[in-house]
Amino acid sequence: MSAAEGPLVVGVDTSTQSTKALVVDASTGQVVASGQAPHSVTSGAGRESDPRQWWDALCAALRQCGDAAHEAAAVSIGGQQHGLVTLDEHGEPVRPALLWNDVRSAPQARRLVEELGGPKAWAERTGSVPGASFTVTKWAWLAEHEPEAVRATRAVRLPHDYLTERLTGQGTTDRGDASGTGWWASGTEAYDEQTLAHIGLDPALLPRVVRPGEVAGTVRDSHDLPFSKGTLVAPGTGDNAAAALGLGLRPGTPVLSLGTSGTVYAVSRHRPTDPTGTVAGFADARGDWLPLACTLNCTLAVDRVAALLGLDREAVEPGGSVTLLPYLDGERTPNLPHASGLLHGLRHDTTAGQLLQAAYDGAVHALLGALDLVLDEDADRGTPLLLIGGGARGTAWQQTVRRLSGRPVQVPEARELVALGAAAQAAGLLTGEDAAAVARRWNTAAGPVLEAVERDSATLDRITGVLSDAAPLLERDPNTQ
């Protein structure tokens with residue numbers, strides 16, 4: 001380990017498939033140690049994980065960091081959003097967590113929207129119109145399908161809350177992650193009593209919402225982590241809010257994140273209320289807002305298409321008029337929870353590389369459709385689009401985003417931005433700085449800028465037309481036929 005100039009902090013990213021930990025020099029932003037360990041997700045109709053796997057993965061990742069983790073003065077957890085963690089009286093999981101990409105609660109989502117005033121009322125009250133990804137719909141699904149699990153539940157947590165509580169012994173969350181539940185009201189910044197009463201969830205089961213910059217607790221004695229007792233624990237936040245911190249994001253700069261899911265978001269000073277449900281009106285981890293649109297199908301869906309074709313993920317070819325909507329897991333943007341992948345325009349001369357390019361185009365089309373909606377009206381459309389996530393360094397992804405957006409694209413050199421954002425939050429506890437200012441001091445957004453090219457409007461219009469024409473088929477629930 002190289003010598004550090006300032007105190008060390010730990011930032012954690014507990015994502016869908018793995019947990020990553022970074023030990024960072026709070027003074028310079030230098031990563032002095034890192035670790036990573038996987039966890040599993042069920043396949044089939046549901047998407048579930050045992051929360052205890054997240055804890056085991058965190059322990060394993062921190063062990064890989066060695067003595068540096070033990071020397072850390074503060075720690076923060078960034079985690080996948082929306083997941084429903086139900087705990088019994090001993091703090092043990094009642095059942096596996098229902099993850100963000102489990103869309104079995106689509107019927108409950110529709111009913112909740114109708115029963116509590118419709119889309120406009122939901123947007124005004126909570127900032128978002130809940131879809132099947134939101135935690136509130138998962139609780140409603142659980143109450144309907146597994147009432148015995150609901151009766152056994154003594155605490156309800158989000159993924160990052162679960163790990164933070166294992167560290168401190170206290171049930172806490174933050175405004176950023178809470179805003180993705182559907183039962184936190186963005187207008188009052190408090191749990192919404194009407195929603196909780198309607199779904200039969202006792203607010204006493206929910207964690208305390210810790211304010212930005214507040215200490216959530218300290219590391220307790222009874223655990224097996226290589227942290228010193230009394231190490232400060234920051235509030236943590238959801239993965240997108242953590243990545244926004246990790247970039248030191250200012251209002252008006254758009255971000256497109258390419259991961260298991262795809263997201264597009266920007267920091268705003270204005271509370272979002274989109275009644276169409278396309279934009280989720282999330283809070284950020286600082287006190288501003290993070291209007292965000294999310295797709296369920298991004299890098300994994302495109303990689304699956306590449307595997308089916310027997311191609312490397314970069315083996316794209318231009319040309320052709322084939323359209324591929326890679327909605328392999330249903331879709332959230334557009335809101336088509338029952339959709340599957342759709343191929344249109346296949347010809348004798350269509351090549352496998354053109355099919356793969358069509359998968360990239362279909363995935364990026366869904367994200368760019370929401371780009372203007374997450375930006376404030378006065379935002380400068382010439383500001384480079386920050387491209388992050390696992391796919392951001394792929395040439396095919398970069399060129400597809402560039403061609404379909406018509407914007408300059410900047411690819412930050414810093415990796416693991418969720419964990420870096422969590423580390424910046426932890427550093428802010430020690431220095432008294434705003435966490436985004438810490439990240440800007442670390443220069444985390446620095447990276448090459450790809451100049452803008454002419455927007456490929458013809459491809460965008462073709463995909464939009466196919467999507468419109470196929471809507472009745474994509475909306476059909478195969479279980480009700």
Side-chain angles (χ1 to χ4, degrees), residues 14 16 39-55 79-116 122 126 128-163 165-166 171 173 177-185 191-207 238 261 277 280 294 296 329-330 332 335 337-338 477 479-480:
T14 180
T16 314
H39 19 90
S40 61
V41 180
T42 60
S43 58
R47 295 290 187 273
E48 301 181 354
S49 288
D50 185 342
R52 289 169 291 205
Q53 281 195 7
W54 307 336
W55 177 254
Q80 55 176 308
Q81 294 182 255
H82 303 306
L84 175 64
V85 181
T86 50
L87 305 176
D88 63 19
E89 66 271 21
H90 305 297
E92 294 295 324
V94 170
R95 67 176 316 285
L98 295 167
L99 303 187
W100 61 273
N101 53 351
D102 189 317
V103 296
R104 286 177 291 178
S105 62
Q108 288 74 23
R110 286 193 296 271
R111 286 205 299 269
L112 285 174
V113 172
E114 293 169 1
E115 291 167 357
L116 287 175
W122 271 95
T126 69
S128 303
V129 181
S133 296
F134 279 65
T135 326
V136 66
T137 72
K138 300 182 187 305
W139 177 264
W141 181 90
L142 196 65
E144 185 173 333
H145 292 274
E146 299 181 19
E148 69 285 353
V150 166
R151 287 192 292 270
T153 297
R154 296 293 177 269
V156 172
R157 301 291 185 261
L158 296 166
H160 110 259
D161 306 341
Y162 172 77
L163 292 177
E165 187 167 359
R166 290 286 299 257
T173 191
D177 220 359
S179 67
T181 60
W183 56 58
W184 184 85
Y191 291 128
D192 187 70
E193 295 180 2
Q194 179 186 7
T195 302
L196 292 173
H198 187 79
I199 62 173
L201 178 55
D202 184 351
L205 304 186
L206 299 177
S261 65
C294 177
L296 295 182
D329 287 321
R332 171 171 167 174
N335 185 24
H338 303 298
D477 184 349
N479 298 316
T480 61

Pairwise distance CZ(Arg52) to OH(Tyr162) - rounded to 0.5 angstrom
7.0 Å

Backbone of Ala149 reached by a side-chain donor or acceptor of Thr153 within 3.5 Å
yes

How close do Trp100 and Ser133 get, counting heavy atoms only, and between which atoms?
O-OG, 3.2 Å

Exercise: identify the closest heavy-atom pair between Val113 and Val129:
CG2-CG1, 3.9 Å

Rounded to the nearest 0.5 Å, how far apart are CG of Leu296 and CG of Asp329?
7.0 Å

Taking every heavy atom of Thr137 against every heavy atom of Leu112, the minimum-distance pair comes out as CA-CD1, 4.1 Å

Between Thr16 and Gln80 the two heavy atoms that sit nearest each other are CA-NE2, 3.7 Å

Given 3.5 Å as the limit, does a donor-acceptor pair link the side chain of Thr126 with the main chain of Ala185, or not?
no

Check the pair Leu99 / Ser49 against side-chain contact (heavy atoms from CB on, under 4.5 Å), numbers first and verdict last.
CA-CA 7 Å; Leu99 303 187; Ser49 288; 3.6 Å; yes

N-O pairing of Arg104 and Glu144 below 4.0 Å
no

Can you name the nearest heavy-atom pair linking Arg154 to Glu89, along with the distance?
CG-N, 3.7 Å

Between His160 (side chain only) and Thr14 (backbone N and O only), is there a donor and an acceptor less than 3.5 Å apart?
no

Can you tell me how far the CG atom of Asp50 sits from the OG1 atom of Thr42, to the nearest 0.5 Å?
11.0 Å

To the nearest 0.5 Å, what is the distance between CD1 (Ile199) and CG (Asp192)?
9.5 Å

Before you tell me yes or no, could you show the steps for Leu98 and Trp139 under side-chain contact (heavy atoms from CB on, under 4.5 Å), namely the whole-Å CA-CA distance, both residues' side-chain angles and the distance that decides it to 0.1 Å?
CA-CA 9 Å; Leu98 295 167; Trp139 177 264; over 6 Å; no

Just do the side-chain contact (heavy atoms from CB on, under 4.5 Å) check on Leu206 and Leu201 with the steps written out, would you?
CA-CA 9 Å; Leu206 299 177; Leu201 178 55; 3.9 Å; yes

Please answer whether the main-chain N or O of His82 pairs with a side-chain N or O of Thr135 as donor and acceptor at a distance below 3.5 Å.
yes

Looking at Glu193, I'd like to know if its CD atom is crowded, meaning that more than 12 non-hydrogen atoms belonging to other residues, nucleotides or ligands lie closer than 6.0 Å.
no

Donor-acceptor pair, side chain of Arg95 and main chain of Leu87, under 3.5 angstrom
no

In Å and rounded to the nearest 0.5 Å, what is the CG to CZ distance from Leu116 to Arg111?
12.5 Å

How long is the span from the NE2 atom in His338 to the CG atom in Asp477, to the nearest 0.5 Å?
3.5 Å

Heavy-atom closest pair, residues Ser105 and Ala132:
OG-O, 3.0 Å

Sole candidate of Leu158, Leu84, Val136 that passes side chain to side chain contact (heavy atoms under 4.5 Å, CB included) when paired with Thr181
Leu158

Run Phe134 and Arg332 through side-chain contact (heavy atoms from CB on, under 4.5 Å) and show every step you take.
CA-CA 11 Å; Phe134 279 65; Arg332 171 171 167 174; 3.8 Å; yes

Polar side-chain atom of Ser128 near backbone of Pro130 as donor-acceptor pair, under 3.5 Å:
no

